[in-house]
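Atoms within a ligand are numbered from 1 in the order they appear, just like the ligands themselves. Worth knowing before you read on, the calculation uses all heavy atoms, side chains too, and leaves out hydrogens, waters and symmetry mates. What you see is a predicted model, and the numbers here were worked out from it, not measured in a lab.
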Amino acid sequence: MHIEKNISLKPYNTFNIDVKAKYFVEVNDLSELKELLDDKNYISEKRLIIGGGSNILFTKDFDGIVIKLNNSEIEKFNETDEEIFIKVDAGVEWDSFVKFCVDNGLRGVENLSLIPGNVGAVPIQNIGAYGVEVKDIIESVNIVLLSDLGEKTYSNNECNFGYRNSIFKNELKDKFVITSVLFKLSKSNSINLDYSPLKNYFYGKNESKITIEEVREAVIQIRTGKLPDPKIIGNAGSFFKNPIISKNQFDDLANIYKDLKGFPESNSDIKISAGWLIEKCGLKGKRIGDVGVHEKQALVIVNYGDTSGNKILEFSKMIQKEVKNRFEIDLINEVNIL
Ligand code: FAD
Ligand code: EPU
């Protein structure tokens with residue numbers, strides 16, 4: 001284990017923000033992690049666990065120790081003709097796991113293709129895309145508690161998964177390291193084309209003939225058509241969550257805006273598109289210096305060059321204010337602001 005001092009975090013966050021960490025270390029397995037967490041020299045330091053840094057906005061230097069988990073095992077369990085359980089270490093790149101599943105005929109994860117970041121982060125905000133959330137395939141999550149280094153397993157039910165939400169963002173916030181995740185994949189489930197852009201992609205094709213490789217390819221094409229590649233333009237995907245509003249508020253808005261789409265969350269609540277709200281405020285493509293709203297997807301804030309985290313935060317607040325003034329709706333950050 002090599003602990004570096006005063007290093008730039010620019011290569012470790014997809015917004016490309018140049019802040020410094022007091023200490024930075026990469027750990028390769030659970031015993032190294034525990035050794036580090038128990039090291040008297042660093043025990044009083046603030047800790048930040050990072051994976052791919054694709055859901056973080058740094059607004060200042062990190063005055064503590066940044067820990068990047070690089071554990072990388074994938075282990076299969078209890079395989080039958082119908083299903084398989086796979087334990088995947090937190091440091092495995094998420095999309096390489098998705099590809100591994102698709103290549104091996106394991107179904108249920110293909111709609112989540114090409115989401116950046118590592119496996120350790122996926123339960124935290126219950127990543128989702130194209131009609132699937134990762135909770136649909138998570139069996140349990142293994143963690144180490146920062147308080148006493150105890151190992152615990154949270155079953156799917158205990159994770160309290162919701163839309164971009166889980167116990168890890170609430171009761172357990174800042175108290176744990178996710179070390180691995182146990183997934184349950186099917187060998188026979190049918191594909192999920194509920195999300196309309198995906199359905200449209202396959203328009204006219206016999207659904208029973210569509211393979212999971214084709215679904216993965218479709219998701220990759222749709223995503224790359226509208227989301228900026230962080231290797232080219234700094235961003236962290238959707239900056240805000242899609243808001244969930246009451247049916248009454250939705251009906252009032254839908255009377256005014258005929259193109260408003262809603263997705264029922266419960267009998268009384270409806271999810272609407274934050275990108276639509278931002279676009280309606282005339283902000284799609286808006287740019288101030290090196291910060292902007294992406295031209296093809298208004299929910300994504302981009303760093304065109306070398307802007308600071310604070311400028312991005314300020315810009316995001318301007319967006320929130322405009323949406324609030326026009327629609328009386330609060331946009332809540334999806335990105336973790338540090
Ligand atoms: P990081 O950004 O490194 O960390 C995120 C948070 O989790 C931080 O608070 C960090 O401290 C904590 N954390 C990370 N790993 C651990 C761990 N092992 N233990 C404890 N805490 C940990 N998200 C979606 O849900 N759907 C999408 O479709 C989607 N599309 C995206 C597209 C683009 C272009 C980008 C840039 C992002 C997108 N995202 C999407 C957001 C992001 O990719 C996901 O949230 C991803 O799971 C973050 O993984 P990460 O490893 O980069 O996490
Ligand atoms: N829309 C607009 N203008 C925009 C963007 C979207 O009007 O600029 C409207 C359109 O009606 C469009 C609808 O919103 O049909 C949905 O757009 P899209 O399919 O791009 O999805 P989204 O709701 O904007 C969510 C997730 C994405 C995920 C996609 C696909 C959130 C916060 N975002 O975006 O996740 O990839 O669905 O399932 O839920 C992320 O979390 O970082 C992320 C990228």
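With sequence neighbours excluded, the residues that form a side chain to side chain donor-acceptor pair (under 3.5 Å) with Asp95 are Arg216.
Considering both main-chain and side-chain atoms, Gln125 never comes within under 3.5 Å of ligand 2 through any nitrogen or oxygen pair. Considering both main-chain and side-chain atoms, Gly237 never comes within under 3.5 Å of ligand 2 through any nitrogen or oxygen pair. When only interatomic distances are considered, the shortest N/O to N/O separation between Leu227 and ligand 1 does not fall below 3.5 Å. On a distance-only criterion, Lys296 and ligand 2 share no N/O pair closer than 3.5 Å. For ligand 1, none of its N or O atoms has an N or O atom of Gly117 under 3.5 Å away. Considering backbone and side-chain atoms together, Arg223 places an N or O closer than 3.5 Å to an N or O of ligand 1. For ligand 1, the polar-atom distance check finds an N/O of Ile178 within less than 3.5 Å of one of the ligand's N/O atoms. Checking only distances, Ile49 does come within under 3.5 Å of ligand 1, N or O to N or O. Of the polar atoms of Gln125, at least one N or O is found under 3.5 Å from an N or O of ligand 1, judged by distance alone.
The distance between the ring centers of Phe24 and Tyr12 falls below 6.0 angstrom.
Taking every heavy atom of Lys261 and a limit of under 4.0 angstrom, the matching atoms of ligand 2 come to 11 (O), 15 (O). Under a 4.0 Å criterion applied to the non-hydrogen atoms of Ile50, ligand 1 contributes the atoms 3 (O). Interface of Leu69 with ligand 1, defined as ligand atoms under 4.0 Å from a residue heavy atom, comprises 18 (N). Close contacts of ligand 1 with Leu48, meaning ligand atoms under 4.0 Å from a residue heavy atom, involve 11 (O). In summary, the atoms of ligand 2 found under 4.0 Å from a heavy atom of Lys226, numbered by their order in the structure, are 18 (P), 19 (O), 20 (O). Numbered from 1 in the order shown, with element, the atoms of ligand 1 that lie under 4.0 Å from a heavy atom of Ala129 read 28 (O). Heavy-atom proximity to Asn118, at under 4.0 Å, picks out these atoms of ligand 1: 49 (O), 50 (P), 51 (O). Near Ala236, with a cut-off below 4.0 Å to any heavy atom, the atoms of ligand 1 are 35 (C), 36 (C), 37 (C). Contact atoms of ligand 1 toward Gly128: 24 (C), 25 (O), 26 (N), 27 (C), 28 (O) (distance under 4.0 Å to a heavy atom of the residue). Near Pro228, meaning under 4.0 Å from any of its heavy atoms, are these atoms of ligand 1: 34 (C).
Using a 30° and 60° split on the angle between ring planes, Tyr130 and Tyr195 fall in the perpendicular class, above 60°.
Closest heavy-atom approach to atom 12 (C) of ligand 1 within the set Val141, Val181, Ile124: this belongs to Ile124. For atom 24 (O) of ligand 2, the nearest non-hydrogen atom from the set Arg223, Arg164, Glu334, Gln297 comes from Gln297. The option with the heavy atom closest to atom 41 (C) of ligand 1, from among Ser54, Gly237, Gly51, is Ser54. Of the listed options Phe240, Trp276, Tyr163, Tyr163 places a heavy atom closest to atom 31 (C) of ligand 2. Comparing heavy-atom distances from atom 8 (C) of ligand 1 across Asn71, Asp89, Asn336 singles out Asn336 as nearest.
Within the 4.0 Å heavy-atom criterion, the part of Ser273 lying near ligand 2 is the side chain and not the backbone. At a 4.0 Å heavy-atom cut-off, ligand 2 touches Leu299 through the side chain alone.
Screening residues 176-187 for side chain to side chain donor-acceptor pair (under 3.5 Å), with sequence neighbours left out, gives Glu79-Lys187, Asn142-Ser180, Ser186-Asn189.
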